[in-house]
Amino acid sequence: MDVQEKLSLIKRNTEEIVTKEELRDLLEKKEEPVTYVGYEPSGSLHLGHLLTANKLIDLQKAGFKVKILLADLHAYLNEKGSLEEIRKTAEMNKKCFLAYGLDKEKTDFILGSEFQLKDDYILEMYELSLKVTLNRAKRSMDEVTRRKQNPRVGQMLYPLMQTMDIGKLGIDVAVGGIDQRKIHMLARENLPSLDYKKQISIHMPILTGLDGEKMSSSKENWIDLSDTSEEVKQKIMDAYCPQGEIENNPIIEILRYHIFPRIDEFTIERKEEYGGNLSYKTVEEVEKDFSKQELHPLDLKKSVSNYLNKILEPARKKI
RNA sequence: CCCGCCCUAGCUCAGUUUGGCAGAGCGGACGGCUGUAGACCGUCUGGUCCCCCGUUCAAAUCGGGGGGGCGGGACCA
């Protein structure tokens, strides 16, 4: 794979890359660059988590070394439970990610607390704490935090630790949802003054919820790895999917972000009275037919739920 | 440490003045209409009124105590 091919694979389905120029430069100069995503261990891995995992798989194909940070202390600071519970969940998450399709040989799993409690880490974090204003730290957490109403001091440590992680783990490219943008920018801005290189950031979009609204923890409008195949099918069938519209359409998004990266051909079984079976090589072809209303939402949904279940099945078994 | 304000359904809040069946909107569930969903229409669902004690025939409401949150003041050695 040459640099141009790597670039287009890495760029696929991203919301933004900060910056493309730096990424090209990295690919030209470094044999095996290091990338990472930090995940708060979660009892219910959902399609949002798997979206960044898809990007890690792309990066692995492009020759990257992948580090997955199981961020137990971050989860703890974000009030996701006791450290003991969180660590148990982290073990389970690790198995799910491997089963999902990450290459075992090229993936390092790192538990946050293994290195985040070391003296030099803490001391440098204190140094960083003198450089970052409270306002800036708080704003960086706007899209991340569990508790927005009465934020705790612990939450202010979160972006500082994330910055330290990127430095300490020697990360060239940090992957995350676009919700991580402000934290990543904070890291880029401050790492050089702590004598670390500033990372390149790849941000994935935040998917539209199944009801067509923003994903919301109170509404559970998404698909979990812990959902049974029947539940997945039911959720897809119940999902918002206006005929002919491809913008903010959760079903189209699942097809684009979760299914097409994992397959070469997408087929739809359709009754003869509705036009017979269909076959597509790219998501753009599907979008074209859907826009022209030559592909009905119900036929799309049936096929999407089948493909999605096939993709989720290996990881689901590990729960 | 002192002062003021706030806490009611999953969420946002009304109700507290003057004690009298616990309310609305949003959300959620189900059905109808749709070859999906949504929208629309219909039905249903909603509670430790922060906790405890007291007064009263009767307390979300009044009194006392406690907890949590927010804002301000004071201290500035």
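Order of the sequence lines fixes the chain letters, A, B, ..., with proteins taken first and strands second; residue numbering starts at 1 for each chain.
Separating the CG atom of A:L295 from the C1' atom of B:rU36 is a distance of 11 Å, rounded to the nearest angstrom. Going from atom CZ of A:F290 over to atom P of B:rG35 covers 16 Å, rounded to whole Å. Across the protein-nucleic acid pair, A:N221 atom CG and B:rG38 atom P stand 13 Å apart, rounded to whole Å. Put simply, CG on A:L255 is 15 Å from C1' on B:rU36, counting in whole angstrom units. Rounded to whole Å, atom P of B:rG28 lies 12 Å from atom CG of A:L210. The distance from atom NZ of A:K301 to atom P of B:rG35 is 15 Å, rounded to the nearest whole Å. Residue A:I251 contributes atom CD1, which lies 12 Å from atom P of B:rG38 at whole-angstrom precision. Between A:M237 atom CE and B:rG35 atom C1' there is a gap of 10 Å when expressed in whole angstrom units.
Distance from the side chain of A:Y240 is smallest for B:rG38 among the nucleotides B:rG69, B:rG35, B:rG38. Side-chain proximity of A:C241 to B:rU36, B:rG35, B:rG69: nearest is B:rU36. Closest to the A:K302 side chain, of the nucleotides B:rG35, B:rG38, B:rU36, is B:rG35.
Counting all heavy atoms, side chain and backbone alike, A:A99 lies closest to A:K318 at CB-CG, 3.5 Å.
Looking at A:S279 and A:E265, their side chains do bring a donor and an acceptor atom within 3.5 Å of each other. Between A:S113 and A:Y76, the side chains place no donor N or O within less than 3.5 Å of an acceptor N or O (distance only, hydrogens not considered).
In this entry B:rC11 has B:rG25 as its Watson-Crick or G-U wobble partner, both defining distances falling under 3.5 Å. In a base pair of the Watson-Crick type (N1 to N3 plus N6-O4 or O6-N4) or a G-U wobble (N1-O2 and O6-N3), with each distance short of 3.5 Å, B:rC30 is matched with B:rG42. Pair check for B:rG71 finds B:rC3; Watson-Crick or G-U wobble, both atom distances under 3.5 Å.
Comparing the C1' positions of B:rC26 and B:rU45 gives a spacing of 14 Å, expressed to the nearest Å. Comparing B:rG38 with B:rG71, their P atoms sit 41 Å apart, to the nearest whole Å. Taking atom C1' in both B:rG66 and B:rG20, one finds a spacing of 29 Å when rounded to whole Å. Separation of the C1' atoms belonging to B:rU12 and B:rG28 is 16 Å when rounded to the nearest angstrom. The same atom, P, is picked in B:rA58 and in B:rC40; the two are 47 Å apart, to the nearest Å. Between B:rU16 and B:rA22, the two C1' atoms lie 13 Å apart (nearest whole Å). B:rC3 and B:rG64 are spaced 14 Å apart, taking the P atom of each and rounding to whole Å. Between the C1' atoms of B:rC76 and B:rC5, the separation comes to 27 Å (whole Å).
A donor-acceptor contact under 3.5 angstrom links the side-chain atoms of A:D299 to the base of B:rG35.
One hydrophobic cluster, built from ILVMFWY side chains closer than 4.5 Å, cannot hold both A:L186 and A:M141; they sit in different ones.
In terms of the salt bridge (charged side-chain N to carboxylate O under 4.0 Å, His left out) criterion, residue partners of A:E294 (sequence neighbours excluded) are, by chain and number, A:K292.
Geometric assessment of A:K94 against the ring of A:F97 yields a negative cation-pi assignment under the 6.0 Å and 45° thresholds.
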